[in-house]
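First comes the structure, then the notes that go with it.
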Amino acid sequence: MPQQKDIVKIAIQMPGAYPQLIQLDQKKPLSAVIKEVCDGWNLPGPENYALQYADGVQTYITESNRLDIKNGCILRLTKAPGRCAEDLYKGIQSSDAGVRCDSLKELASVSTDVTFAQEFISRDGHLLLVKIVEDSNESNVIMTHTLTGFMELMDHGIVSWENLSSVFIKKIASFVNAKPTDASIQQVSLDILENMVLSSHSLFLQVKQEVTMERLIAHLQVTNQQIQTKAMALLMALLQTAGDLDRQVLLFLTFLTSGSVQDEMAHYLYVLQSVTLNHLEPRMRSPLDCYNQEQRDILHGLRQAAFETESENSLSHERRRSLCAKEFKKLGFSNNSNPGQDLVRTPPGLLALDTMYYFATCYPDAYSRFVLENSSREDKHECPFARSSIQLTLILCEILRIGEPPSETRSDYHPIFFSQDRLLEELFCVCIQLLNKTWKEMRATQEDFDKVMQVVREQITRTLSSKPTSLELFKNKVNALNYSEILKLRQTERLHQEETLAPPVLELKERLKPELLELIRQQRLNRLCQGTMFRKISSRRRQDKLWYCRLSPNHKMLHYGDVEEDMDNPPIETLQEKIPVADIKGLLTGKDCPHMKENKGKQNKEVLDLAFSITYDVEEYSLNFIAPSRTDFCLWTDGLSVLLGRDMSSESMRSELEILLSMEIKLRLLDLENVPIPESAPVVPKPPSNYNFCYDFSQTEQ
């Protein structure tokens with residue numbers, strides 16, 4: 001007595017007969033089940049029959065897949081796969097063209113089933129199809145069915161592609177290369193060639209030799225989207241197997257990059273771009289080897305290309321070493337005694353060295369101008385070429401997604417990629433000059449390095465998003481997008497974002513502002529209590545003396561006094577001078593400061609931007625400051641404004657308020673339903689038993 005779980009209730013159909021409703025015992029041999037079904041319809045020879053799904057994919061039922069049958073399934077009694085294979089094998093060889101056509105059409109349909117495919121291939125049916133293709137005596141309709149059936153049989157992986165003859169390969173290639181031919185034949189021929197290329201290197205070489213690139217390009221320009229897609233797939237297969245991008249392959253994209261493309265084609269373009277750019281990944285993942293002579297020579301080649309130096313062979317070892325360190329520092333390397341250490345980080349690794357060397361050798365005038373312009377400056381506004389190049393290379397790798405496997409859903413290709421043999425290097429050459437231009441527009445110092453790089457990243461991504469089709473177009477657009485334009489775009493987007501906020505969110509934002517402004521005010525006062533080291537600039541504009549100023553903890557006194565170079569944070573008791581906060585009458589900035597008026601016409605814009613003064617005792621006296629950086633200027637002017645009961649007005653305050661408001665609103669709008677929020681802070685975990693996972697940067701800095 002079979003158990004209930006082994007019984008499946010199904011219906012079995014057969015053309016011209018009433019369906020049978022049976023309870024299929026899964027433990028009973030399938031041959032016995034078929035015999036019972038045949039007996040129900042009085043059919044002789046049950047071995048000539050098989051069961052098959054009636055709906056969906058009409059797969060044959062076998063002992064290996066019978067457990068997939070579910071209650072309520074509808075099956076069909078049909079020819080056994082062996083008998084079907086034998087009948088079709090004979091029909092394909094019939095002298096009647098109509099019989100051959102019908103047999104091949106049915107073959108193309110049933111070959112999707114692996115059970116049938118095994119039976120047909122066991123009779124060498126696939127070789128019969130190969131002979132039909134090689135002879136090429138059939139009509140286009142019969143040839144289409146033949147190629148489709150062959151492709152379906154080969155898809156099962158029962159027979160190796162490498163067993164195919166060169167005559168067959170040439171014949172399939174001729175279908176692709178031929179101009180006046182049937183579209184269905186070309187479509188399946190392209191599919192067959194793609195599978196050949198992906199199956200083995202020897203077949204790839206044969207296909208590459210037989211298929212002309214001009215015809216593939218022509219296939220991409222037809223209106224038949226299936227032909228376009230198959231042609232692109234074959235090109236992709238050729239590219240992935242070849243391992244490099246032939247210049248001819250670039251030509252086929254000329255017409256595509258001038259307009260819109262189909263979604264599927266756009267995805268292929270994206271994959272093509274991704275696969276090609278990922279050939280740079282090994283260089284990106286490889287750090288510079290300080291013992292590799294070739295890499296060392298390239299490093300020194302960068303230095304020698306930038307500076308005209310006396311013959312180094314006549315110098316002593318120490319003198320030559322000192323000269324090299326000095327010039328590497330001018331080049332913008334952080335570790336001037338061992339610049340190779342700057343290129344140890346991966347990514348960008350050796351790719352940064354490649355891009356710098358490409359710029360220096362392909363655009364020597366621009367390279368020399370960049371380096372000499374910045375290495376000769378003495379106003380703290382020099383842009384470090386090497387450090388900037390390394391970071392810019394990393395940014396380009398991230399934007400172009402080098403090292404990331406192609407996504408199955410993305411289609412954001414860059415048309416500019418298909419106009420250049422060496423896209424990364426050429427983009428770098430444009431963008432490193434853009435970086436220098438943006439650096440000057442922002443009047444940046446070394447402290448602003450990260451801020452400049454963020455702006456440059458935004459300039460590049462915004463320009464690439466407009467899909468420029470050539471390097472020249474990219475260059476014009478990205479240079480037009482200067483720093484002031486970026487600020488305008490940011491402001492416009494911020495205002496638009498605020499306009500789209502719901503009224504309750506805007507109301508929440510206004511309610512949060514006073515609390516966050518108070519937080520910023522307290523931070524400014526705390527910063528004044530910590531104090532800052534200032535420099536006195538003499539009439540000769542030489543930086544010679546240091547003095548320190550800090551606010552007392554009770555916020556009632558401003559203490560200041562001269563200090564020595566080695567005193568980082570002098571105690572408040574050592575500062576001899578002091579001014580009561582109650583006596584401070586005003587805060588002056590820029591050219592309104594007394595010490596700027598005294599040297600009117602002699603101060604550069606940098607000093608003017610950092611100058612501020614406080615007046616006290618009925619405005620007869622003043623204490624004059626020149627902040628060490630713009631950040632310190634904002635902190636002190638805001639803090640002094642708070643002490644005077646005025647509103648803070650620095651750009652730093654506005655930026656911090658915007659960040660805090662954005663974060664606070666996002667936190668308030670989080671869906672925290674059923675999420676327990678602890679009333680006290682979580683316990684800080686114990687420190688690790690060792691710090692072996694930390695990298696010691698002190699050796700690099702020495």
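Residue F333 comes nearest to L299 through the heavy atom pair CZ-CD2, 3.7 Å, listed as atom of the first residue, atom of the second, then distance. For the pair R646 and G586, the tightest heavy-atom approach, listed with the atom from each and the gap, is NH2-CA, 3.8 Å. Of all non-hydrogen atoms in Y616 and I584, the two that sit nearest each other are CB-CA, 4.0 Å. A pairwise comparison of heavy atoms in R524 and C634 identifies NE-O, 4.2 Å as the closest pair. Nearest approach of M284 to G403, heavy atoms of both residues: CE-CA, 4.2 Å. Minimum interatomic distance between N436 and C383 (heavy atoms only, all atoms of both residues): OD1-CB, 3.9 Å.
Annotation: side chain of I572 is in contact with side chain of R550 (closest heavy-atom distance under 4.5 Å). With a 4.5 Å cut-off on side-chain heavy atoms, K509 and L512 do not count as touching. Side-chain contact between W636 and F534: present, with at least one pair of heavy atoms (C-beta onward) separated by less than 4.5 Å. The shortest distance between side-chain heavy atoms of N479 and L434 falls below 4.5 Å. The side-chain heavy atoms of T445 and D448, taken from C-beta on, include a pair separated by under 4.5 Å. At a threshold of 4.5 Å between non-hydrogen side-chain atoms, the residues D583 and Y621 do not count as touching. In this structure, L473 and I416 have side chains that are not in contact, with every pair of non-hydrogen atoms separated by 4.5 Å or more. Using a 4.5 Å cut-off on side-chain heavy atoms (C-beta onward), I432 and M356 make no contact.
Note on ring orientation: taking the six-membered ring where Trp is involved, the planes of F625 and F612 are parallel (angle under 30°, cut-offs 30° and 60°).
Side-chain atoms of Y358 and E426 include a donor-acceptor pair closer than 3.5 Å. Side-chain N/O atoms of N335 and S337 include a donor and acceptor closer than 3.5 Å. With 3.5 Å as the limit, one finds no donor-acceptor pair spanning the side chains of T631 and E447. S652 and E656 share a side-chain donor-acceptor pair at under 3.5 Å.
By the neighbour-count criterion of 12 heavy atoms within 6.0 Å, atom CG of D647 is sparsely surrounded, having that number or fewer from other residues, nucleotides or ligands. M663 CE: 12 or fewer foreign heavy atoms inside a 6.0 Å radius. Residue E564 places its CD atom among 12 or fewer non-hydrogen atoms of other residues, nucleotides or ligands, all under 6.0 Å distant.
For E651 and R630, the salt-bridge test passes: some basic side-chain N is under 4.0 Å from an acidic carboxylate O. K513 and E510 are joined by a salt bridge, as a carboxylate oxygen and a charged side-chain nitrogen come within less than 4.0 angstrom of each other. Between E493 and R490 there is no salt bridge, since no side-chain N of the basic residue sits under 4.0 Å from a carboxylate O of the acidic one. With respect to R462 and E458, a salt bridge is recorded, a charged nitrogen being found less than 4.0 Å from a carboxylate O. Salt bridge annotation for R654-E658: absent, with no cationic side-chain nitrogen under 4.0 angstrom from a carboxylate oxygen. Residues D632 and R527 are paired through a salt bridge, judged by an N-O separation under 4.0 Å between the basic side chain and the carboxylate.
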Show, in sequence, the C-alpha distance, side-chain angles and deciding distance for I626 and M596, and conclude whether the side chain to side chain contact (heavy atoms under 4.5 Å, CB included) test is met. CA-CA 10 Å; I626 295 179; M596 294 295 103; 4.2 Å; yes
Going through the distances and angles, do N482 and T438 end up as a side chain to side chain contact (heavy atoms under 4.5 Å, CB included)? CA-CA 7 Å; N482 53 36; T438 303; over 6 Å; no
Give the intermediate values and the outcome of side chain to side chain contact (heavy atoms under 4.5 Å, CB included) for residues I460 and L427. CA-CA 9 Å; I460 297 170; L427 274 182; 6.0 Å; no
Pair E327-K330, salt bridge (charged side-chain N to carboxylate O under 4.0 Å, His left out): steps then yes or no: CA-CA 5 Å; E327 291 180 344; K330 287 183 178 180; over 6 Å; no
Apply the test salt bridge (charged side-chain N to carboxylate O under 4.0 Å, His left out) to residues E373 and R369: give CA-CA distance (whole Å), side-chain angles for both, the deciding distance (0.1 Å), then the verdict. CA-CA 6 Å; E373 175 186 318; R369 186 165 57 250; 5.8 Å; no
Could you walk me through whether L517 and M653 pass the side chain to side chain contact (heavy atoms under 4.5 Å, CB included) check? CA-CA 9 Å; L517 281 171; M653 180 278 298; 4.0 Å; yes
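At distances below 3.5 Å, at least one donor-acceptor pair connects side-chain atoms of S466 with backbone N or O atoms of T463. Here the side chain of N336 pairs no donor or acceptor atom with the backbone of F328 at under 3.5 angstrom. With hydrogens and angles ignored, the 3.5 Å screen pairs no side-chain donor or acceptor of E441 with any backbone N or O of S484. With hydrogens and angles disregarded, no donor-acceptor distance shorter than 3.5 Å links the side chain of D562 to the backbone of W547.
Distance check, rounded to the nearest 0.5 Å: NZ of K477 to CG of L481 gives 11.0 Å. Atom OG in S649 sits 6.5 Å away from atom CG in D638 (nearest 0.5 Å). Rounding to the nearest 0.5 Å places OG of S613 at 10.5 Å from CG of L640. Atoms NZ and CD, on K475 and E472 in that order, are 5.5 Å from each other to the nearest 0.5 Å. The CZ atom of R511 lies 11.5 Å from the CD1 atom of I665; values are rounded to the nearest 0.5 Å. To the nearest 0.5 Å, atom CD1 of residue I402 and atom CD of residue Q273 are 9.5 Å apart.
K326 pairs by the salt bridge (charged side-chain N to carboxylate O under 4.0 Å, His left out) definition with nothing, not counting sequence neighbours. Remark: D354 pairs with R283 by the salt bridge (charged side-chain N to carboxylate O under 4.0 Å, His left out) rule, at least two apart or across chains.
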Donor-acceptor contacts under 3.5 Å from residues 387-399 side chains, at least two apart:
unit_1: R387; atom_1: NH1; unit_2: Q446; atom_2: OE1; d: 3.2
unit_1: S388; atom_1: OG; unit_2: P384; atom_2: O; d: 2.6
unit_1: S389; atom_1: OG; unit_2: F385; atom_2: O; d: 2.7
unit_1: Q391; atom_1: OE1; unit_2: R345; atom_2: NH2; d: 3.3
unit_1: T393; atom_1: OG1; unit_2: T355; atom_2: OG1; d: 3.0
unit_1: T393; atom_1: OG1; unit_2: S389; atom_2: O; d: 2.7
unit_1: E398; atom_1: OE1; unit_2: R457; atom_2: NH1; d: 3.4
unit_1: E398; atom_1: OE1; unit_2: R457; atom_2: NH2; d: 2.3

